[in-house]
Amino acid sequence: MARTFREAAIAGVGATEFSKESGRSELQLAAECSKAALDDAGIHPSEVDGMITFTIDNSDEIGLCRCLGVKDLAYTGRIPGGGAAAVATIYHAMALVNAGVCNTVLIWRAMNERSQYRFGQPHTQAIGPQAGNGTGSLLWCMPFGAQTPATWESLAAQRYMQQYGVTNLDLGRVSVVQRKHAATNPAAWFYGKPITLEDHQNSKWIVEPVLRLLDCCQESDGGVAIVVTSLDRARDLKQKPVHIVGACQSIPYNVEVISNYYHADLALMPEAEGTARRLYAQTGMKPSDMQMAMIYDAFTPQVLKQLEAFGFCGRGEAKDFVKDGHIELGGSLPVNTNGGLIGEAYIHGVNNIAEAVRQVRGTAVNQVPNVQHVLVSSGMAGAILAQG
Amino acid sequence: MTVPNDPTPAPASAAPPKPTRLAPIVTLDAKFFWEAADKGEFVGERCADCGEFRFPPRPMCPRCHSVRREVVKLSGHGKVYSWILPRHPMPFGFKESPIVAVIELEEGYRLVSNLYEVPFEQVRAGMPVEVFFAPTMGNHQVPVFRPRAK
Ligand SMILES: [Zn+2]
């Protein structure tokens, strides 16, 4: 293959059902969602020549190749940082296609994160302090009782809430909107189950005064895969191509994933601000060019902070932006239209990317009219997807 | 200088409860910190060439790239930066929710710890605090904080 620059596009997406007990191995989930994504694209599985997943995905590349019958893999890579890796997978796949070193890049994330282990429970044994898994949280938080993603998140979120007068009620509005979106999405775990702000306020405290149960994403079993190829090739494939207009990562000095307490101002999210700056510079686009956004929502405060970091509203204004209805279907910037990780499922952010693809294709169940550009963010990484 | 995990005083007759707090995971680059804590000393790491403090500990100074480091005794004084109460699930090793806080040290950097001797409702941003030590499983100690005596 000649190493000439080629624009990249998403040609296929696939998923298993989202459940609390898949009843099969994570590798099987990975194989099933990968096959579904390749079928969606109309590409034979043997043609995959690049593979990308998260450092913490338990399925082996070779194991997955052996399921799919991949004949000659040219590249494998894994991205650190837990959920921050989600949109970085798109960035890396884009770069491989841009560079002309891969032609069919398969991204997957598959987990039995509810039935086999519990991400939301104390990480006392589940994950060792090895590089790429977020070492700071284990080394400097565990003995003090900060042992779960919810507590790590809350220590920084509480500073944001102090700074801008954000209350747990404000956070609840994010959850209510996303559950409303999930309620009309048959693939969502919470299909047909909207909540009220009162339900939110009646849910138990997970971490006081930041997160109630209904501020937290789900723990889910399932898998999602995405196929990236060149824009030119995608135009000849089965689906409407979804152009990756730009994608990037940003990890500013002294920022770390989730146990992120060492940079200058914890009311800000420098990684998302850096991603926004780099992404807008790379694409020449601005927040008002987006018709909607898919924003990593492991916990509700992350949605507010990313809305501000990506410039959809000013600093401290996200709570009012949400209250005024902007992020709902029919609002100026519908967000997490599948219900997000809170309402649909927690497939570590990759299911949110799949929803962005469906929205650009015009095939989403909660379709936003005239989607030209979607911003997709996982905090430390972002991408802009468009009709190709 | 040490207290049990549960700050409620035990009846005088009872034997001191066995610590249930998780022991720290000790890495080579942070050994100095935890070994000092075991002796009831609160120390930090500073570049031996340019004097820059750094936390979490690391083998190289990000300012001048020297690998020469010195361990210095810290004042043990700081201010509360952010604070939370983990309610569910109860953290492993705790019988009651501890106040978990990010403390900004006088020396200019932050770390995660616990706050004692103040009700959760009375914690304020910028509240002056001082270090003391709490025991863990395996006969170790970790630095925790309480409001600073006037
Ligand atoms: Zn130095």
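Quick note: numbers below take in every heavy atom, side chains included, and nothing from hydrogens, waters or symmetry partners. In the text below, chain A, chain B and the rest are named by the order of the sequence lines, each starting its count at 1.
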Is there a side-chain contact (heavy atoms from CB on, under 4.5 Å) between B:F55 and A:W140? Walk through the geometry before answering. CA-CA 10 Å; B:F55 188 89; A:W140 300 103; 3.4 Å; yes
Would B:Y109 and A:Y262 count as a close aromatic pair, with their ring centres under 6.0 Å? no
Please say whether more than 12 non-hydrogen atoms of neighbouring residues, nucleotides or ligands are located less than 6.0 Å from CZ in A:R278. no
With a 4.5 angstrom heavy-atom cut-off, could you sort out which part of B:P86 is near chain A: side chain, backbone, both or neither? both
Do side-chain atoms of B:R21 reach the backbone of A:P143 as a donor and acceptor pair under 3.5 angstrom? yes
Please look at B:T27 and chain A and tell me whether the side chain, the backbone, both or neither of the residue comes under 4.5 angstrom of a heavy atom of that chain. side chain
Which bit of B:F120 is near chain A, if near means a heavy-atom gap under 4.5 Å: side chain, backbone, both or neither? side chain
Would you give the length of the straight line joining atom CD1 of B:I84 to atom CD of A:Q158, rounded to the nearest 0.5 angstrom? 8.5 Å
Below 4.5 Å from any heavy atom of chain A, which atoms of B:F33 appear? Answer side chain, backbone, both or neither. side chain
Can you say whether A:L211 sits under 4.5 Å from chain B via the side chain, the backbone, both, or neither, judging by heavy atoms? neither
Heavy-atom cut-off 4.5 Å, strictly under: side chain, backbone, both or neither for A:T148 against chain B? side chain
Backbone N/O of B:P62 and side chain of A:Y253: donor-acceptor pair under 3.5 Å: no
Please report the interatomic distance OH(A:Y160) to OG(B:S82), rounded to the nearest 0.5 Å. 15.0 Å
When the 4.5 angstrom heavy-atom criterion is applied to B:R58 and chain A, the contacting part is side chain
Just so I understand: if I count every heavy-atom pair under 4.5 Å between each of A:V207, A:T151, A:L155 and chain B, which residue has the most? A:L155
Measure the spacing between CZ of A:F144 and CG of B:L111 and express it to the nearest 0.5 Å. 6.5 Å
Atom group of B:P24 that falls short of 4.5 Å from chain A, counting heavy atoms: both
For B:W34, is it the side chain, the backbone, both or neither that has a heavy atom under 4.5 Å from a heavy atom of chain A? side chain
Out of curiosity, B:R110 CZ to A:R159 CZ, how far, rounded to the nearest 0.5 Å? 7.0 Å
